[in-house]
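These notes concern the structure reproduced below.
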Amino acid sequence: MDYDQLFEAQLDALKKEGNYRVFADLERQRGAFPVARNRHGAGERQVTIWCSNDYLCMGQHPDVIDAMVRTVESCGAGAGGTRNISGTSHHHHLLERELADLHGKEAALLFTSGYVSNWAALGTLGSRLPNAVILSDSLNHASMIEGIRHSRAEKVIWKHNDVADLEKKLAAIDPSRPKIVAFESVYSMDGDIAPIREIVEVSEKYGAMTYLDEVHAVGLYGPRGGGVAEQEGLMDRITLIEGTLGKAYGVVGGYIAGSFALCDFIRSFASGFIFTTALPPAVAAAATASIRHLKTSDAERQMQRLRVRQLRAALDREGIPHLPNPSHIIPVMIKDPVKCKMISDILMERFGIYVQPINYPTVPKGTERLRFTPSPLHTEADIERLVSALSSLWSQCALARRAA
């Protein structure tokens, strides 16, 4: 059997649908972000990145870089193994304390990524709590869906951000069964924000745990960057808060925060924690520096919000359709995979603007988009250049404009 032929047939189908993904060769340049070096063919060019999840550019911050470099020089490059064998470092303990303090919780637990923390935590809770039911928002991230699937617990899907539907489904479950309500604060593709207070209140009414993914909110919302739950004064009422170090904090890794018993339970039973090599100490030190900075500095958040407002206003001026939402994420809707990829390619090749097309399976077919995430380091000139390029392509591709 020719296995490569089977692989290639499915890849060809992806290409025909317009959903085949091509990754640009990019090299971020310290001190110059959002500018990056793009190598293509035999040459290279400077491009402006518009789709980074390093939302506040903390991956470029001098304190974060200095903490990483100093720790590599003192500890070396790697962690030395899993946390259970030889990989626990003092820097891991310091970071977990910092995260617990950030969320007002007794404890926190580090993972190698936000994907792994969701997969491991939900998978462990669902499998180890006898006869548990997990109630999942219909637009939850793939990592949450995989964790729930891995747990083999009963799953109930409730309509996106629909508290009445959630209550209806909670009311139908035997009161004696453990219940976990799993949802996100900021949904990364549409940029909408969950009604956290209402979700918490109905969950408490039916004795359910609340599992909140704050991946796209930590660092960005709340007076110290604790996320939307901090902004709303609700952290103490959330059972488990999950987050990442790879977005607003500019490094890599995931974590959960909760009670001592909850974090120890996940630490002791989650295969995604037990059997994987720990984060390098230098990464933990850099993340700690980033979190400490954003607990006291609001300048990055304020500048980012200004750039978000400016870009939205410029898009409105040109009639470029984008989804309205209260977050920092600006989805510009194309609704066609081929056109979405084409516009992305032209922006890169002709204008030196890098934004990846977002297509299936990340979003449903027919909702393809370009997802823009303005940062504190984008300038007004960057915004004008981007919107001018989009406006010319909107005319070239005969895309519908929205009334200003």
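Since we're looking at a predicted model, the values are computed, not measured.
Partners of Ser52 according to the side-chain hydrogen bond (donor to acceptor under 3.5 Å, both in side chains) rule, which considers only residues two or more places apart in sequence or in another chain, do not exist here. Arg305 meets the salt bridge (Lys or Arg N to Asp or Glu O under 4.0 Å) test with no other residue; sequence neighbours excluded. Partners of Asp190 according to the salt bridge (Lys or Arg N to Asp or Glu O under 4.0 Å) rule, which considers only residues two or more places apart in sequence or in another chain, are Arg369. Applying the salt bridge (Lys or Arg N to Asp or Glu O under 4.0 Å) criterion to Glu73, with sequence neighbours excluded, gives no partner residue. Glu106 meets the salt bridge (Lys or Arg N to Asp or Glu O under 4.0 Å) test with no other residue; sequence neighbours excluded.
Taken to the nearest 0.5 Å, the CZ atom of Phe183 stands 5.5 Å off from the CD1 atom of Ile196. For the atom pair CZ of Arg149 and OG of Ser136, the computed distance is 10.5 Å after rounding to the nearest 0.5 Å.
Within the structure, salt bridge (charged side-chain N to carboxylate O under 4.0 Å, His left out) pairs that include any residue of residues 284-293 comprise Glu98-Arg292 (at least two apart or interchain). Within the structure, the salt bridge (charged side-chain N to carboxylate O under 4.0 Å, His left out) test picks out no pair touching residues 346-361 (sequence neighbours left out). Within the structure, side-chain hydrogen bond (donor to acceptor under 3.5 Å, both in side chains) contacts touching residues 334-343 (residues at least two apart or in different chains) are Lys341-Asp345. Listed by first and then second residue, the side-chain hydrogen bond (donor to acceptor under 3.5 Å, both in side chains) pairs involving residues 223-237 are Asp101-Arg224, Glu204-Arg237 (not counting sequence neighbours). Residue pairs meeting the side-chain hydrogen bond (donor to acceptor under 3.5 Å, both in side chains) criterion with at least one member in residues 164-177, sequence neighbours excluded: Asn131-Arg177, Glu154-Arg177, Asp165-Lys169, Glu167-Lys205, Glu167-Tyr206, Asp174-Ser176. Listed by first and then second residue, the side-chain hydrogen bond (donor to acceptor under 3.5 Å, both in side chains) pairs that reach into residues 263-273 are Asp264-Arg267, sequence neighbours excluded.
Side chain of Thr48 to backbone of Pro34: no donor-acceptor contact under 3.5 angstrom is found.
Listed here is the closest heavy atom pair of Thr373 and Cys51: OG1-C, 3.5 Å. Summarising the geometry of Leu212 relative to Ser185, their closest heavy-atom pair is CD1-N, 3.5 Å, with the distance given to 0.1 Å. Summarising the geometry of Leu56 relative to Gly219, their closest heavy-atom pair is CD1-O, 3.5 Å, with the distance given to 0.1 Å. Across every non-hydrogen atom of Thr112 and Thr277, the tightest pair is CG2-O, 3.2 Å. Taking both residues in full, the closest heavy atoms of Gly18 and Val338 are given as CA-CG2, 4.2 Å, listed atom of the first, atom of the second, then distance. For the residue pair Val72 and Ala282, the shortest heavy atom distance occurs at CG2-CB, 3.3 Å.
The aromatic rings of Tyr221 and His328 sit tilted relative to each other, their planes meeting at an angle between 30° and 60°. Taking the six-membered ring for Trp and thresholds of 30 and 60 degrees, Tyr55 and His216 have ring planes inclined between 30 and 60 degrees apart.
In summary, the aromatic rings of His378 and Phe372 are positioned with their centroids too far apart to meet the 6.0 Å limit.
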Counting only pairs under 3.5 Å, give me each side-chain donor-acceptor contact of residues 3-10, with atom names and distances, residues two or more places apart or in other chains.
none

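For Gln310 and Arg307, the side-chain atoms include at least one donor-acceptor pair closer than 3.5 Å. Residues His91 and Ser89 have side chains that never bring a donor and an acceptor to within less than 3.5 angstrom of each other. Under 3.5 Å, the side chains of Arg371 and Thr362 contain no donor-acceptor pair of N or O atoms.
For the side-chain contact (heavy atoms from CB on, under 4.5 Å) with Leu245, the qualifying choice from Leu95, Val252, Thr288 is Leu95, the only one to do so. Put simply, the residue from Leu166, Leu135, Asp137 that forms a side-chain contact (heavy atoms from CB on, under 4.5 Å) with Ile199 is Leu166.
Cation-pi contact between Arg385 and Phe351: absent, since separation from the ring centre below 6.0 Å together with deviation from the ring axis within 45° is not met.
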